[in-house]
Amino acid sequence: RMDRMEEALHRIASWAEAYPLTVFPEPDLKRAREVLEAAGMTLDAISADAMRHVITQVGHIAKGALQP
């Protein structure tokens with residue numbers, strides 16, 4: 001069981017390093033909000049969707065490690 005949990009932590013740590021600032025620099029969020037709102041979308045909705053995806057995947061990793 002400890003091996004499963006350690007592997008899960010390694011997978012989560014890998015996710016945390018998957019999008020480095022050197023490859024994906026921080027966007028101009030004010031400008032992004034303006035552009036999205038002009039197109040009838042919100043940055044909040046897009047951010048929530050991205051976070052939901054990440055936390056769902058981390059949840060799958062954690063649940064898999066916690067199974068007996």
Side-chain angles (χ1 to χ4, degrees):
R1 182 173 177 171
M2 288 298 287
D3 288 341
R4 272 199 328 264
M5 289 187 183
E6 186 174 345
E7 174 59 27
L9 286 174
H10 282 292
R11 289 177 62 199
I12 292 169
S14 177
W15 267 66
E17 297 170 354
Y19 302 96
L21 289 173
T22 55
V23 178
F24 300 96
E26 291 185 17
D28 179 345
L29 295 178
K30 183 178 179 188
R31 177 75 178 128
R33 178 177 295 281
E34 292 168 359
V35 170
L36 288 168
E37 286 178 353
M41 301 170 71
T42 67
L43 184 56
D44 294 340
I46 291 172
S47 296
D49 184 63
M51 289 304 298
R52 189 172 30 251
H53 171 72
V54 170
I55 203 64
T56 297
Q57 295 307 313
V58 169
H60 287 309
I61 293 168
K63 288 173 189 173
L66 292 171
Q67 288 182 352

Rounded to the nearest 0.5 Å, what separates atom CD in Glu6 from atom CZ in Arg1?
14.5 Å
Drop me the distance from Met5's CE to Leu66's CG, to the nearest 0.5 angstrom.
5.0 Å
Taking side chain as C-beta onward, heavy atoms only, is Arg52 less than 4.5 Å from Asp49?
yes
Any side-chain heavy-atom pair from Glu7 and Ile61 closer than 4.5 angstrom?
no
Using modelled atom types and a 3.5 Å cut-off, is there a donor and acceptor pairing between side-chain atoms of Ser14 and backbone atoms of His10?
no
Is [Y] reachable from [X] through a run of hydrophobic residues whose side-chain heavy atoms are each under 4.5 Å from the next?
X	Y	answer
Val23	Tyr19	yes
Val54	Ile12	yes
Leu29	Leu21	no

Salt-bridge present (Glu34, Arg31; N to O < 4.0 Å)
yes
What pairs with Arg33 under side-chain contact (heavy atoms from CB on, under 4.5 Å), at least two apart in sequence or on another chain?
Glu37, Leu43, Asp44
